[in-house]
Amino acid sequence: MRRALFPGSFDPITLGHYDIIKRGIKLFDEVIVAIGVNSEKKYMFSLEERKRFLEDTFKDEPKVKIVTYKGLTIDFCKVVDAQFILRGLRNPADFEFEKAIAHTNRKLSKIETVFLLTAARTSYISSSIVREVIRNNGDYTVLVPDSVRTNS
């Protein structure tokens with residue numbers, strides 16, 4: 001089974017994340033969406049809310065599994081038997097950042113990172129932009145899946 005782990009904070013899930021996951025399930029037998037827990041980080045949405053957003057969004061997709069984890073992503077890949085890490089790239093800055101992490105992960109393990117370019121229609125969307133729009137009472141609904149619109 002080709003299993004990929006798609007790690008992130010998903011605070012909240014965006015249409016960009018949604019696009020990468022939907023395209024990832026065409027490439028892999030299973031995509032595990034893994035919400036990383038970082039006690040140092042301040043989140044807008046609780047872990048339970050973020051997990052519910054993802055579960056609601058992919059409730060009809062049997063190839064997507066939603067989990068939470070702590071620690072190194074490569075260690076969690078071993079726990080869930082994921083051979084690949086799936087990552088989305090929006091721009092050159094993302095590539096430089098993700099490339100360094102991918103090289104480190106390959107040095108520390110045998111796990112391959114697979115990059116997908118985000119769709120042009122979602123390439124400008126990030127969770128931090130969505131949070132800023134929400135904080136300022138803007139219309140964030142065009143940036144996120146229905147599950148975030150109806151549950152936040």
Side-chain angles (χ1 to χ4, degrees), residues 1-119 122-132 134-135 140 143-145 147-148 151-152:
M1 176 181 274
R2 287 185 330 251
R3 183 176 291 129
L5 187 83
F6 184 47
S9 60
F10 305 102
D11 187 33
I13 179 178
T14 69
L15 291 178
H17 295 129
Y18 178 83
D19 174 63
I20 295 296
I21 295 165
K22 289 299 275 186
R23 290 169 45 220
I25 60 178
K26 294 177 183 171
L27 301 173
F28 299 101
D29 300 312
E30 183 176 62
V31 173
I32 299 172
V33 180
I35 307 167
V37 177
N38 181 345
S39 59
E40 302 293 313
K41 200 169 176 184
K42 270 281 224 212
Y43 297 106
M44 175 174 274
F45 296 96
S46 71
L47 180 62
E48 294 75 25
E49 288 173 308
R50 291 179 282 144
K51 189 171 186 207
R52 188 176 67 247
F53 294 156
L54 285 157
E55 288 170 344
D56 289 351
T57 300
F58 294 101
K59 65 181 178 285
D60 297 323
E61 182 47 69
K63 291 176 71 174
V64 175
K65 185 174 164 186
I66 313 300
V67 298
T68 62
Y69 77 104
K70 290 182 182 178
L72 290 177
T73 300
I74 55 171
D75 290 342
F76 191 67
C77 284
K78 293 172 192 163
V79 169
V80 296
D81 194 30
Q83 305 86 12
F84 304 93
I85 296 173
L86 177 62
R87 299 298 294 160
L89 298 175
R90 294 173 300 198
N91 54 49
D94 279 356
F95 174 72
E96 289 301 323
F97 177 75
E98 295 290 345
K99 179 179 78 164
I101 294 171
H103 283 309
T104 303
N105 288 342
R106 286 272 336 274
K107 184 75 171 169
L108 299 176
S109 72
K110 299 286 187 227
I111 296 174
E112 290 286 350
T113 301
V114 175
F115 297 109
L116 293 180
L117 296 178
T118 56
T122 62
S123 64
Y124 63 95
I125 303 171
S126 69
S127 292
S128 57
I129 289 173
V130 172
R131 290 191 305 271
E132 193 61 25
I134 292 170
R135 278 189 201 99
Y140 66 95
L143 306 172
V144 298
S147 65
V148 179
N151 291 312
S152 57

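Since the model is a prediction, treat every value here as computed from it, not as a measurement.
Just one of T113, T104, I101, I85 meets the side chain to side chain contact (heavy atoms under 4.5 Å, CB included) condition when paired with I74; it is I85.
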Original post:
Going through the checks in order, is the side chain to side chain contact (heavy atoms under 4.5 Å, CB included) test met by V67 and F76?
Top reply: CA-CA 11 Å; V67 298; F76 191 67; 3.7 Å; yes

Original post:
Please walk me through it: do Y43 and N38 pass side chain to side chain contact (heavy atoms under 4.5 Å, CB included)?
Top reply: CA-CA 9 Å; Y43 297 106; N38 181 345; 3.5 Å; yes

**OP:** Mind running side chain to side chain contact (heavy atoms under 4.5 Å, CB included) on L143 and L15 for me, showing each step along the way?
**Re:** CA-CA 6 Å; L143 306 172; L15 291 178; 5.6 Å; no

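The distance from the CG atom of L86 to the CD1 atom of I32 is 11.5 Å, given to the nearest 0.5 Å. Note: K26 NZ to L116 CG = 11.0 Å, rounded to the nearest 0.5 Å. T118 contributes atom OG1, which lies 11.0 Å from atom OH of Y124 (distance to the nearest 0.5 angstrom). Atoms CG and NZ, on L27 and K63 in that order, are 8.5 Å from each other to the nearest 0.5 Å. In this structure, the separation between OH on Y18 and OG1 on T122 is 12.0 Å, given to the nearest 0.5 Å. Remark: E49 CD to S147 OG distance equals 11.5 Å, nearest 0.5 Å.
Side chains of M1 and Q83 form no contact here, defined as non-hydrogen atoms less than 4.5 Å apart. Looking at heavy atoms from C-beta onward, M44 lies in side-chain contact with I134 at the 4.5 angstrom threshold. Side-chain contact between V148 and Y140: present, with at least one pair of heavy atoms (C-beta onward) separated by less than 4.5 Å. Side-chain atoms of S123 and N91, non-hydrogen and from C-beta on, never get closer than 4.5 Å to each other.
Using bins of under 30°, 30° to 60° and over 60° for the plane-to-plane angle, the ring pair F84/F28 lands in the tilted bin. Note: F115 and F95 have perpendicular aromatic rings, judged against thresholds of 30 and 60 degrees for the angle between ring planes.
Residues F53 and I13 share a closest heavy-atom pair of CB-CG2, 4.0 Å. What you find for K78 and S109 is that their closest heavy atoms are CE-CB, 4.4 Å. Here the closest non-hydrogen pair linking A82 and A4 is CB-C, 4.4 Å. The nearest pair of heavy atoms linking K41 to S9 is NZ-OG, 3.5 Å. Considering every non-hydrogen atom in both S126 and T14, the closest pair reads C-CG2, 3.9 Å. Of all the heavy atoms in R106 and I111, the pair that sits closest is CD-O, 3.5 Å.
A donor-acceptor pair under 3.5 Å links the side-chain atoms of D29 to the main chain of R2, judged by distance alone. Checking side-chain atoms of T68 against main-chain N and O of I35 turns up no donor-acceptor pair under 3.5 Å.
For F10, the ring pair (Phe, Tyr, Trp, His ring centres under 6.0 Å) partners are F6, H17, not counting sequence neighbours.
Ion pair E55/R52 not flagged as a salt bridge, since none of the NZ, NE, NH1 or NH2 atoms sits closer than 4.0 Å to an Asp/Glu carboxylate oxygen.
Sorted by first and then second residue, the salt bridge (Lys or Arg N to Asp or Glu O under 4.0 Å) pairs involving residues 3-20 (not counting sequence neighbours) are R3-E30, R3-D81, D11-R131, D19-R23, D19-R121. Note on residues 94-104: pairs passing salt bridge (Lys or Arg N to Asp or Glu O under 4.0 Å), not counting sequence neighbours, are R87-E98, R90-D94, E96-K99.
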